[in-house]
Amino acid sequence: MQENGFLKVWGANNSVTVIERGIERPLDPQGIPGLAITINGNNNRVRIEMPLRFSECQLALVGNNNFFSIRSSHKTRMLRVFFYIADGCAIEIGKNCYINNNASFIAKEKAGTKIVVGNDCVIAADCLLRCGDGHTLINEFNGQPLNEPDDIILEDHVWVGARCVLLKRAYVAENSVVGTMSLVNKRFDIPNVLIAGVPAKIIKSGIDWDLADYKTYVGE
Ligand SMILES: CC(C)(COP(=O)(O)OP(=O)(O)OC[C@H]1O[C@@H](n2cnc3c(N)ncnc32)[C@H](O)[C@@H]1OP(=O)(O)O)[C@@H](O)C(=O)NCCC(=O)NCCS
């Protein structure tokens, strides 16, 4: 049975387009199966390239000038993935990504900040990516905020293991791996590295990875 999706939009000058077989069209109110889209504000833009498969997923854009874009993927169905964008921020997911159960992407708090995932990336189950901390850390003496939101960028072909947390400033260069349960909160500019731990550090260099599992890879 095909799961219902929906599209609910409040506000002015919002656009939700679907690109299917190279043709771009406005999404109709039935939405996309398995994806609940709500937009509440003005000048928001959503761009979804099919094919993609969703189940119990949510996309919410709140406020003005937000942007969401996801490119096509034949990988497994996304289950309970949550995308939340507010305050003039953006989330952009590349082609052929593999996003697993219960991953959450939250881009808000500072206009212009974004979460960008390149092509051919894997985000495993229960990962959290957020550009802002949700509350403000303050200098005790002058009341100035200390934890300014910033971008999160994954270049092409990055594998993020299960239950990782990626915070503001996280940058992972191409062909790299983030070990399970790691906290990434700074830049890793060197490609082909394994980073892991809390906070993550480089554990191995000169690595690459393959989507196939071990037995398939070695031909057993
Ligand atoms: C990253 C990973 C692939 C590394 O595997 P590996 O190359 O066989 O690495 P090893 O087990 O030899 O570990 C190498 C070192 O890194 C450490 N390490 C590995 N993963 C780590 C992690 N997630 N956090 C902290 N340290 C880690 C090991 O303890 C070891 O340290 P040591 O040299 O001091 O003993 C594996 O640990 C991992 O995290 N897999 C992800 C599983 C997953 O989430 N799959 C989802 C499928 S979508």
Side-chain angles (χ1 to χ4, degrees), residues 3 32-35 48-59 68-84 91-107 115-131 133 150-220:
E3 215 185 318
I32 292 168
L35 177 64
I48 299 175
E49 186 182 271
M50 302 304 276
L52 285 170
R53 293 188 300 147
F54 300 96
S55 195
E56 298 176 45
C57 294
Q58 289 183 55
L59 166 62
F68 177 79
S69 156
I70 186 164
R71 299 200 59 203
S72 63
S73 177
H74 289 278
K75 307 292 191 276
T76 57
R77 187 181 297 270
M78 287 178 246
L79 175 63
R80 287 190 289 275
V81 176
F82 178 58
F83 300 102
Y84 184 93
I91 296 176
E92 298 172 34
I93 312 282
K95 211 173 173 64
N96 283 325
C97 288
Y98 195 136
I99 301 175
N100 264 323
N101 308 352
N102 303 311
S104 294
F105 296 74
I106 302 171
I115 298 174
V116 179
V117 176
N119 299 325
D120 304 306
C121 290
V122 171
I123 312 280
D126 301 314
C127 286
L128 169 65
L129 291 79
R130 61 178 308 152
C131 301
D133 296 322
D150 206 338
D151 298 344
I152 295 173
I153 314 273
L154 304 182
E155 296 290 358
D156 290 347
H157 197 240
V158 169
W159 167 23
V160 180
R163 299 193 172 182
C164 287
V165 176
L166 281 74
L167 297 179
K168 58 189 187 296
R169 294 189 297 273
Y171 174 92
V172 184
E174 57 270 19
N175 307 323
S176 296
V177 175
V178 182
T180 182
M181 299 183 78
S182 299
L183 168 72
V184 185
N185 56 359
K186 63 172 192 152
R187 292 186 67 92
F188 292 89
D189 291 299
I190 302 170
N192 298 81
V193 292
L194 164 61
I195 64 172
V198 180
K201 294 185 170 33
I202 294 179
I203 288 191
K204 291 184 184 177
S205 304
I207 60 104
D208 204 341
W209 64 276
D210 193 295
L211 198 56
D213 70 5
Y214 184 80
K215 69 176 181 316
T216 316
Y217 195 77
V218 297
E220 282 173 5

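We count ligands from 1, going down the list as the structure has it; atoms in each ligand are counted the same way. Bear in mind the structure is a predicted one, so any value in this text is a computation, not a measurement.
- In this structure the side chain of Asn96 never reaches within 4.5 angstrom of the side chain of Asn119, judged on heavy atoms.
- Side-chain atoms of Ser176 come within 3.5 Å of backbone N or O of Val193 as a donor-acceptor pair.
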When you check ligand 1 against the protein, what N or O pairs turn up below 3.5 Å? List the atom names and distances, or just say none.
from     : atom 1 : to     : atom 2 : distance (Å)
ligand 1 : 7 (O)  : Lys204 : NZ     : 2.8
ligand 1 : 23 (N) : Thr180 : N      : 3.2
ligand 1 : 23 (N) : Thr180 : O      : 2.7
ligand 1 : 39 (O) : Thr180 : N      : 2.9
ligand 1 : 44 (O) : Ala162 : N      : 2.7

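- The environment of Ile190 atom CD1 is sparse: at most 12 non-hydrogen atoms of other residues, nucleotides or ligands sit within 6.0 angstrom.
- In this structure a side-chain-to-backbone donor-acceptor pair under 3.5 Å is present from Glu49 to Ser72.
- Of the N and O atoms on the side chains of Asn102 and Arg80, at least one donor lies less than 3.5 Å from an acceptor on the other residue.
- Note: Trp209 and His157 have parallel aromatic rings, judged against thresholds of 30 and 60 degrees for the angle between ring planes.
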